[in-house]
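The structure appears right after this line, and notes come after that.
Whatever order the structure lists them in is the order used to number ligands and atoms, beginning at 1. Note that the numbering runs from 1 along the sequence shown for the chain. Because only heavy atoms are used, hydrogens play no part in the values below, and waters and symmetry mates are left out as well, while side chains stay in.
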Amino acid sequence: MSLSISDQEQLLTGWGRTCPSLARVQACTSIEQVQHEVARAGARGVLARGLGRSYGDAAQSGGGTVLDLQAFNDISYDSITGAVTAGAGASLDSVMKAIVPAGAFVPVTPGTRMVTIGGAIGSDIHGKNHHVDGTFGAHVQSLTLVDGSGEIHELTPSGDKAPQFWATIGGMGLTGVITQATFDAIPVTSSLISVDTQRANDLDEVMSVMAAGDEKYRYTVAWIDTVSQSARGVITSGDHAPIDQLSAKQRTHALVFEPKAIATAPPIFPSGLLNKLTVRAFNEAWFRKAPKSASGDLQSISAFFHPLDGVQDWNRIYGPRGFLQYQFVVPDSASHLIRAALEKLRQVGAPSFLTVLKRFGAANPAPLSFPTQGWTLAADVPAGIEGLGQALDDLDELISEAGGRLYLAKDSRQSPQMFARTYPRLSEWQQVRDGLDPRGVFTSDLARRLSI
Ligand SMILES: Cc1cc2nc3c(=O)[nH]c(=O)nc-3n(C[C@H](O)[C@H](O)[C@H](O)COP(=O)(O)OP(=O)(O)OC[C@H]3O[C@@H](n4cnc5c(N)ncnc54)[C@H](O)[C@@H]3O)c2cc1C
């Protein structure tokens with residue numbers, strides 16, 4: 001993910017390990033140091049980076065300065081108001097370790113805990129509960145931002161500075177450097193999740209089970225077997241288990257949260273290890289492992305939300321060429337595009353063992369926030385497969401025509417035209433951004449690629 005060339009020069013990539021670029025990486029330990037770096041920004045600008053879990057080129061800036069804010073890691077939890085205040089460099093992992101034993105949980109978690117508060121806000125992340133709770137940004141009460149003139153702002157979702165607040169939610173680090181945020185936590189009485197599982201034999205069944213469960217479950221996701229022609233899947237849905245669902249023994253440690261890594265992927269993996277045969281075998285085993293139907297299973301937070309965090313550096317299994325994640329959202333009226341996308345990926349022979357389908361609820365007021373009402377599909381595919389680029393370009397067209405869009409935190413390849421067409425509030429966002437950053441200090445490889 002990052003390779004040190006000299007003390008400060010590092011080759012940075014996203015989680016997909018494609019498109020590396022060299023930047024001066026500066027660790028910052030104080031807000032004054034952030035202001036100093038913003039003031040001395042060169043022609044290639046400045047960008048804050050979290051844990052580099054965005055897949056593409058959002059958290060890197062070739063020839064520029066990349067700020068590492070991991071020292072901004074204070075966390076406090078107010079059990080009366082239920083609010084968490086955390087430094088932008090604190091990870092969701094450390095937030096959970098701090099608040100779960102106190103009976104609270106983060107409002108939104110992605111498929112990994114290894115993301116920072118700055119990254120969660122910058123990408124306006126969503127979880128399996130978007131249809132109920134919306135994005136992470138919708139739960140932020142206030143945030144501290146250093147803008148392009150070095151000025152410090154306290155931004156809140158309503159009031160005078162609401163436009164600057166919402167431009168920063170999902171603003172991909174391009175409105176300034178977030179140093180701290182206060183957000184709502186949700187109360188829990190146990191650290192276990194009560195999970196219902198259902199296998200579905202084809203995509204229609206997957207989608208109808210999910211649509212029917214919209215009201216019933218806080219968290220829902222479907223894993224799709226992209227190798228099977230029917231696009232069968234496994235739907236898992238759940239909610240925080242109330243303490244009275246736990247056995248007497250479980251109640252003695254009801255709020256324990258001690259996730260462990262079970263393995264580390266070796267540094268070198270041959271390209272091509274993930275091929276149609278290995279993915280077919282994996283998918284068959286994964287489908288069969290799931291119960292046909294089960295309800296009320298108690299699972300840990302990490303097993304339910306973050307199974308991949310158990311294998312450190314699992315992104316290496318794609319070998320030196322890396323991989324990309326294609327994630328899009330389409331409105332309910334274009335739900336047929338889910339099948340079209342799966343078929344396209346299968347035709348081109350893009351093996352994926354990690355393809356998930358989720359429901360999204362209504363959008364929030366942030367102009368660049370990705371989620372809008374409908375269906376979202378995310379598929380990890382190895383980079384460099386013949387025909388993949390054209391297949392994805394074709395899909396982009398269909399998605400754009402249907403009123404859908406791609407997720408910037410996963411993107412490494414869409415065109416500036418596709419982006420501008422599918423984020424219709426871009427110019428409104430740009431106006432606010434220009435006010436916060438009149439010198440154009442904040443930029444990234446993604447911003448240059450998409451002419452943001
Ligand atoms: C296994 C896996 C599963 C995932 N699942 C999901 C999912 O379910 N839902 C989802 O929404 N996402 C998901 N993601 C993507 C991930 O949540 C986002 O990319 C997130 O932004 C990564 O956080 P980070 O701290 O690593 O930020 P980075 O990737 O380092 O940065 C992301 C963006 O935030 C900006 N940023 C970071 N810190 C700051 C700051 N202090 N101030 C201003 N801007 C800042 C960066 O400039 C960049 O544009 C997943 C990623 C992985 C690897």
Side-chain angles (χ1 to χ4, degrees), residues 1-2 12-17 23 25 28 31 34 38 45-61 64 66-73 86-93 108-130 134-137 143-147 167-181 219 221 305-315 323-325 327 329 354 356 358 360 368-371 376 378 380 407-412 436-437 442-447 450 452:
M1 242 164 41
S2 82
L12 299 174
T13 71
W15 189 244
R17 300 172 77 220
V25 176
C28 292
I31 210 158
V34 173
V38 168
V46 173
L47 181 74
R49 178 176 169 101
L51 287 170
R53 260 34 178 212
S54 42
Y55 275 64
D57 51 1
Q60 61 193 59
S61 181
V66 170
L67 305 182
D68 170 351
L69 273 85
Q70 286 185 61
F72 288 69
N73 58 6
S91 66
L92 286 189
D93 181 58
V108 169
T109 176
T112 172
R113 297 183 302 281
M114 301 305 161
V115 303
T116 62
I117 297 303
I121 296 172
S123 299
D124 196 20
I125 59 168
H126 56 270
K128 299 175 181 183
N129 55 339
H130 188 275
T135 63
F136 191 90
L143 62 86
T144 310
L145 184 82
V146 177
D147 76 9
T168 300
I169 303 292
M172 305 308 291
L174 302 173
T175 60
V177 179
I178 303 159
T179 57
Q180 181 175 287
Y219 303 106
V221 70
F305 291 108
H306 319 116
L308 288 165
D309 285 349
V311 183
Q312 260 179 44
D313 300 327
W314 63 263
N315 55 342
F323 68 116
L324 56 90
Q325 185 175 97
Q327 180 169 6
V329 59
L354 192 67
V356 295
K358 294 184 214 174
F360 275 164
L368 294 192
S369 178
F370 164 66
T376 182
D380 280 6
Y407 188 13
L408 290 178
K410 308 288 177 69
D411 178 45
S412 52
L436 283 167
D437 184 19
F442 300 109
T443 187
S444 63
D445 288 354
L446 173 133
L450 297 179
I452 299 184

[atom]: nearest protein contact (heavy atom, Å):
{"atom": "atom 31 (O) of ligand 1", "value": "Ala59 CB, 3.5 Å"}
{"atom": "atom 2 (C) of ligand 1", "value": "Thr112 CG2, 3.5 Å"}
{"atom": "atom 19 (O) of ligand 1", "value": "Ser54 CA, 3.1 Å"}
{"atom": "atom 7 (C) of ligand 1", "value": "Pro110 CB, 3.3 Å"}
{"atom": "atom 23 (O) of ligand 1", "value": "Val115 CB, 3.3 Å"}
{"atom": "atom 53 (C) of ligand 1", "value": "Trp15 CD1, 3.3 Å"}
{"atom": "atom 24 (P) of ligand 1", "value": "Leu51 N, 3.4 Å"}

Non-hydrogen atom of [X] closer than 4.0 Å to ligand 1:
{"X": "Tyr407", "result": "yes"}
{"X": "Tyr55", "result": "yes"}
{"X": "Ser444", "result": "no"}
{"X": "Phe72", "result": "no"}
{"X": "Gly171", "result": "no"}
{"X": "Lys358", "result": "yes"}

Practice prompt. Decide whether an N or O pair under 3.5 Å exists between Gly111 and ligand 1.
Written response: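 Yes.
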Item to complete: Just go through Lys128, Arg49, Gln60, Lys410 and tell me whose heavy atom is the nearest to atom 50 (C) of ligand 1.
Response: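 Shortest heavy-atom distance from atom 50 (C) of ligand 1: Lys410.
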Discussion item. I want to confirm something. Looking only at heavy atoms, which of Gly122, Ala378, Ala48, Gly14 is nearest to atom 46 (C) of ligand 1?
Written reply: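 Among Gly122, Ala378, Ala48, Gly14, the closest heavy atom to atom 46 (C) of ligand 1 comes from Ala48.
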Worksheet item: What is the ring orientation for Trp314 with Phe323, classed by angle as parallel under 30°, tilted 30 to 60°, or perpendicular over 60°?
Response: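 Trp314 vs Phe323 ring planes: tilted.
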Worksheet item: Can any side-chain N or O of Arg113 pair as donor or acceptor with the backbone N or O of Leu92 at less than 3.5 Å?
Response: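 No.
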